[in-house]
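Chain letters run A, B, ... following the sequence lines, proteins first, then strands; residues in each count from 1. Since this is a predicted model, take the numbers as computed values, not measurements.
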Amino acid sequence: AQSVSQHNHHVILSEAASLELGCNYSYGGTVNLFWYVQYPGQHLQLLLKYFSGDPLVKGIKGFEAEFIKSKFSFNLRKPSVQWSDTAEYFCAVSSALGGANNLFFGTGTRLTVIP
Amino acid sequence: EAQVTQNPRYLITVTGKKLTVTCSQNMNHEYMSWYRQDPGLGLRQIYYSMNVEVTDKGDVPEGYKVSRKEKRNFPLILESPSPNQTSLYFCATSRGGEQFFGPGTRLTVL
């Protein structure tokens, strides 16, 4: 069965600090990988996704993530965070074959950015 | 505008009183699903539907029912709600592996 681990439950940063949120998954086959963001009181929005090709993917709002297949990881990064990045971030994985629409989510990482 | 809508957005009810949360999408997607979000547990899939009249259990289906009589609608039914179903519920559609989420329904069962 697929599973997703996000080891950072709550991260607190000052504005302009760099961000890296960890995501590891467990699945033996080819995967699609996603990062979603949930701003306070809102629904989930897609930040970025990886299906194939360049393992370094760029998303909206200056976020990027790198797929490292050997480490089963898909860490999210941003060089300089802003107060408006305060949100909860979810990593998710789906099988690239057959069950591509069934997403498995990590438990989320809450990011608090202090002005 | 492409969107997923849910109603109601907020609901407080009592144990055992049947309720339905509606979900509708205008993107003509075949795949729809329901998730519940709980603190520290992330999002867990309740049910999903690959197409009209095709539904299947997700990870946490107990206490829930769904139906898919039309492509655009996928209601979530709680026949006899219990306090452990107090949660934030999201409907989603999917095409090509990318999911689009509704605004959420915050349900409190007393």
Side-chain angles (χ1 to χ4, degrees), chain A residues 1-10 21-25 27 29-53 57 59-60 67 74 87-110, chain B residues 1-10 21 23-25 27-51 54-61 68 71 74 87-106:
Chain A
Q2 300 176 24
S3 67
V4 180
S5 296
Q6 292 181 244
H7 303 294
N8 311 106
H9 298 295
H10 189 191
L21 301 182
C23 173
N24 289 91
Y25 67 92
Y27 183 67
T30 305
V31 294
N32 298 324
L33 296 157
F34 307 83
W35 276 97
Y36 283 86
V37 60
Q38 185 178 31
Y39 297 104
Q42 296 189 26
H43 62 285
L44 278 78
Q45 303 170 43
L46 182 67
L47 263 183
L48 49 80
K49 61 186 178 185
Y50 171 81
F51 284 4
S52 65
V57 293
I60 60 172
F67 171 47
F74 190 56
E88 191 151 17
Y89 293 81
F90 294 92
C91 181
V93 63
S94 68
S95 168
L97 304 172
N101 288 316
N102 283 8
L103 276 184
F104 292 85
F105 284 87
T107 53
T109 297
R110 184 154 62 101
Chain B
E1 179 189 353
Q3 59 181 353
V4 180
T5 58
Q6 294 178 227
N7 281 293
R9 296 288 315 280
Y10 301 90
V21 184
C23 173
S24 182
Q25 52 109 352
M27 291 175 273
N28 202 35
H29 289 170
E30 292 178 345
Y31 183 96
M32 298 184 74
S33 60
W34 275 102
Y35 294 87
R36 61 178 288 173
Q37 183 181 8
D38 301 289
L41 297 176
L43 278 82
R44 295 177 292 168
Q45 192 179 55
I46 303 170
Y47 268 94
Y48 64 94
S49 169
M50 302 284 279
N51 212 329
V54 181
T55 63
D56 209 344
K57 296 177 180 179
D59 297 321
V60 288
R68 188 88 181 276
K71 189 182 249 190
F74 189 44
S87 186
L88 179 59
Y89 292 86
F90 288 100
C91 178
T93 71
S94 178
R95 170 170 271 172
E98 180 176 340
Q99 302 226 349
F100 303 86
F101 287 85
T105 296
R106 186 166 291 282

**Prompt:** Which region of Leu46(A), side chain (C-beta onward) or backbone (N, CA, C, O), has a non-hydrogen atom less than 4.5 Å from a non-hydrogen atom of chain B, or is it both or neither?
**Reply:** side chain

**Request:** Hey, could you give me the NE2/CD distance between His43(A) and Gln3(B), rounded to the nearest 0.5 Å?
**Result:** 10.0 Å

**Item:** Side-chain heavy-atom pair Gln99(B), Tyr36(A) within 4.5 angstrom cut-off
**Value:** yes

**Message:** Under 4.5 Å from any heavy atom of chain A, what part of Arg106(B) do you find: side chain, backbone, both or neither?
**Reply:** neither

**Message:** Just verifying a value: how many Å separate Leu103(A) CG and Phe101(B) CZ, rounded to the nearest 0.5 Å?
**Reply:** 6.0 Å

**Request:** For atom CZ of Arg44(B), decide whether the heavy atoms of other residues, nucleotides or ligands shown that lie under 6.0 angstrom number more than 12.
**Result:** yes

**Item:** Pairwise side-chain contact, Gln38(A) with Leu43(B), heavy-atom cut-off 4.5 Å (strictly under)
**Value:** no

**Structural part of Glu88(A) lying under 4.5 Å from a heavy atom of chain B** = side chain

**Request:** Could you pull out all residues at least two apart from Asn8(A) that satisfy side chain to side chain donor-acceptor pair (under 3.5 Å)?
**Result:** none

**Message:** To the closest 0.5 Å, what do you measure between CD (Gln45(B)) and CZ (Phe105(A))?
**Reply:** 9.0 Å

**Request:** Measure distances from Asp59(B) to the heavy atoms of chain A and classify the residue's part below 4.5 Å as side chain, backbone, both or neither.
**Result:** side chain

